[in-house]
Amino acid sequence: MFPRMANSAPSFRAPRGTSITCANWQIEAMYRMVQNNLDAEVAEDPARLIVYGGSGQAARNHEALAGILATIRRLRPDETMLVQSGKCVGVFRTHVDAPRALLANGNLVGDWSNWDEFRRLQQLGLVMYGQMTAGSWIYIGSQGIVQGTYETFAAAGRRHFDGELRGRLVVSAGLGGMGGAQPLAATLAGATFLAADVDAERIRKRLDTRYLDHLAGSVSEAIDLAWKKRAARQPESIGVVANATELLDAIVNKGLVPDLLTDQTSAHDMLNGYVPDGMNLDAARALRGSDPAAYVRRARDTAVRHVRAMRRLQDRGAVTFDYGNNLRTEARDAGVADAFTIPGFVPEYIRPQFCEGRGPFRWVALSGEASDIARTDELVLEMFGDDRSLATWIEAARKRIAFQGLPARICWLGYGERHRFGLAVNELVRRGELQAPIVFGRDHLDCGSVASPYRETEAMQDGSDAVADWPLLNAMLNVAAGATWVSVHNGGGVGIGKSLHAGQVTVADGTPDAARRIERVLTVDPGIGIARHADAGYDLARSVARERHVDLGAG
Ligand code: NAD
């Protein structure tokens, strides 16, 4: 049964501490993580089971969630639970080294893989949108994206501004679950930051968690303040309640040019994510319910105006990039022929990291104790302190990141680093230096786990952008290696039919069995990223494979 609050809205919170409800820590980890994804501190809309990313859910509906939790509570150490689009559909006897859960969310056969068919099936209660880490139970709040966003802004700073973002202004929109990381990441990288969001509540949440510094009373006040802070070289962030188009049009009309320009509104979902301009949020919500087709038409018209304003500022000199939300595609399909003049952030800034097997690796303290994460932070510095950018990140994160839900840490480790770190943490658990086990996982946005031609695999060197064998191989490899749970999803950040991606989560419970699984999983999982990029012809991936002994076979 769900815990219920007085007003009968369900409220969720992962159990803490060292006593467990389930048969072992592998299973307990799933029990805690699915509930952690829905903790009000973590999820954007827990009552609707929405974790982040427009409509990314942790379970299909409340009944299905109750079924998942009940099944996990009785799952045995040699059984595997099957989850189909957020609903438990079976439990099978496998073996103790196999995953305890296999999840597939929102996958549709090619010709049917579009929003219309997905929504038809959703209406029938048959599918769920799992985003990337929502339906795979390893979302850790906005922190999960902070480091990636920081890496992206810092890489843009190195490329375009001689590595110095102080005195530079980043303009964006969307301060939701992921987008909310932008103000903190930008200021950590040294920049001034300005963004619009139509939803005052979302902005309030970023102020409360100290991700955002200021809320301006109007668009013009926000612009004045942002350019003032930029001139004073102050790395501070400003939010304003407005549609993205209103903010950008005002900047265009004033003849101003931001240094960096991007966007993280939920443009991957024109019905349930992106909000049309010319109406307030209540009116938009009402139209969404009463006339979805009219809503989508108005949203697409807004996307057109939005991208045209971005293109104008790009032409005037703003370094502009797409931040993986499918905004360009919507605008292009609605007639903005030059929308793709705006480059994607992966080919621009992230792909070299993928070639080294690096990506958004993360871990969560199942104890609920911040001191466990503090100890793992020290361990990162002990093991990888020579890497200045990693050390800067960990030191900044310790000071500035407010935990949401179970304490967690994101840290972009690469091939060779992840498994060594995992084994060292497992050892800390064994020695009792941590209060309880740790789970290791990652975003599906990783080096070898995603096919997404408008984002992670945009403009691959060999043209293999849409080849989706890689995420499937990634999932199978992680199952073979014995991850604790493995997931395959459709849609992610760019929408149904636009990407397929896989994830894994592996528990370090301090046992020798866990050590063997960690060594295997945390080696093969980034390893396939190197193989994928080497196969696509990237010299960097090939040389990393040679140096770090990744066997590419004789192919
Ligand atoms: P979210 O739904 O939690 O937040 C989106 C925010 O955009 C909301 O606060 C909403 O009020 C606001 N918004 C919508 N339309 C707007 C408009 N026209 N003007 C101003 N504000 C508007 O989503 P999220 O988790 O923050 O993700 C944002 C987007 O980024 C999604 O499309 C997601 O798929 C994508 N994404 C990108 C990455 C990445 O690595 N770059 C990772 C995950 C998700």
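Ligands are counted one by one from 1 in listed order, and the atoms in each one are counted from 1 as well. Residue indices begin at 1 and follow the sequence shown.
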Engineer: Hey, does the side chain of Tyr538 reach the backbone of Gln461 with a donor-acceptor pair shorter than 3.5 angstrom?
Structural biologist: yes
Engineer: Taking the six-membered ring for Trp and the single ring otherwise, decide whether the centroids of Tyr454 and Phe340 are under 6.0 Å apart.
Structural biologist: yes
Engineer: Tabulating one pair per line, provide the atom names and distances (0.1 Å) for every N/O atom of ligand 1 that is less than 3.5 Å from a protein N/O atom.
Structural biologist:
from: ligand 1; atom 1: 2 (O); to: Gly54; atom 2: N; distance (Å): 2.9
from: ligand 1; atom 1: 2 (O); to: Ser266; atom 2: OG; distance (Å): 2.6
from: ligand 1; atom 1: 3 (O); to: Gly177; atom 2: N; distance (Å): 2.8
from: ligand 1; atom 1: 3 (O); to: Arg202; atom 2: NH1; distance (Å): 3.0
from: ligand 1; atom 1: 4 (O); to: Arg202; atom 2: NH1; distance (Å): 3.3
from: ligand 1; atom 1: 9 (O); to: Asp197; atom 2: OD1; distance (Å): 3.2
from: ligand 1; atom 1: 9 (O); to: Asp197; atom 2: OD2; distance (Å): 2.6
from: ligand 1; atom 1: 9 (O); to: Arg202; atom 2: NH1; distance (Å): 3.4
from: ligand 1; atom 1: 11 (O); to: Asp197; atom 2: OD1; distance (Å): 2.7
from: ligand 1; atom 1: 15 (N); to: Val275; atom 2: N; distance (Å): 2.9
from: ligand 1; atom 1: 18 (N); to: Asn243; atom 2: OD1; distance (Å): 3.2
from: ligand 1; atom 1: 18 (N); to: Asn243; atom 2: ND2; distance (Å): 3.4
from: ligand 1; atom 1: 18 (N); to: Val275; atom 2: O; distance (Å): 2.9
from: ligand 1; atom 1: 19 (N); to: Ala244; atom 2: N; distance (Å): 2.9
from: ligand 1; atom 1: 21 (N); to: Val198; atom 2: N; distance (Å): 3.4
from: ligand 1; atom 1: 23 (O); to: Ser266; atom 2: OG; distance (Å): 3.1
from: ligand 1; atom 1: 25 (O); to: Gly53; atom 2: N; distance (Å): 3.0
from: ligand 1; atom 1: 25 (O); to: Met178; atom 2: N; distance (Å): 3.0
from: ligand 1; atom 1: 26 (O); to: Gly177; atom 2: N; distance (Å): 3.3
from: ligand 1; atom 1: 26 (O); to: Met178; atom 2: N; distance (Å): 2.8
from: ligand 1; atom 1: 26 (O); to: Gly179; atom 2: N; distance (Å): 2.9
from: ligand 1; atom 1: 32 (O); to: His268; atom 2: ND1; distance (Å): 2.6
from: ligand 1; atom 1: 34 (O); to: Gln131; atom 2: NE2; distance (Å): 3.3
from: ligand 1; atom 1: 34 (O); to: His268; atom 2: ND1; distance (Å): 3.3
from: ligand 1; atom 1: 34 (O); to: Gly493; atom 2: O; distance (Å): 2.8
from: ligand 1; atom 1: 36 (N); to: Arg455; atom 2: NH1; distance (Å): 3.4
from: ligand 1; atom 1: 41 (N); to: Gln264; atom 2: NE2; distance (Å): 3.2
from: ligand 1; atom 1: 41 (N); to: Tyr323; atom 2: O; distance (Å): 2.8

Engineer: Has the side chain of Glu221 got a donor or acceptor atom that lies under 3.5 Å from a matching backbone atom of Gly217?
Structural biologist: yes
Engineer: Please step through side chain to side chain donor-acceptor pair (under 3.5 Å) for the pair His268 and Asn326, ending with a clear verdict.
Structural biologist: CA-CA 5 Å; His268 69 281; Asn326 211 37; over 6 Å; no
Engineer: Verify, without hydrogens or angle tests, whether Glu456 (side chain) and Ser449 (backbone) share a donor-acceptor contact under 3.5 angstrom.
Structural biologist: no
Engineer: Taking only residues two or more places apart in sequence, or in another chain, which ones meet Asn478 in a side-chain hydrogen bond (donor to acceptor under 3.5 Å, both in side chains)?
Structural biologist: Asn474, Asp525
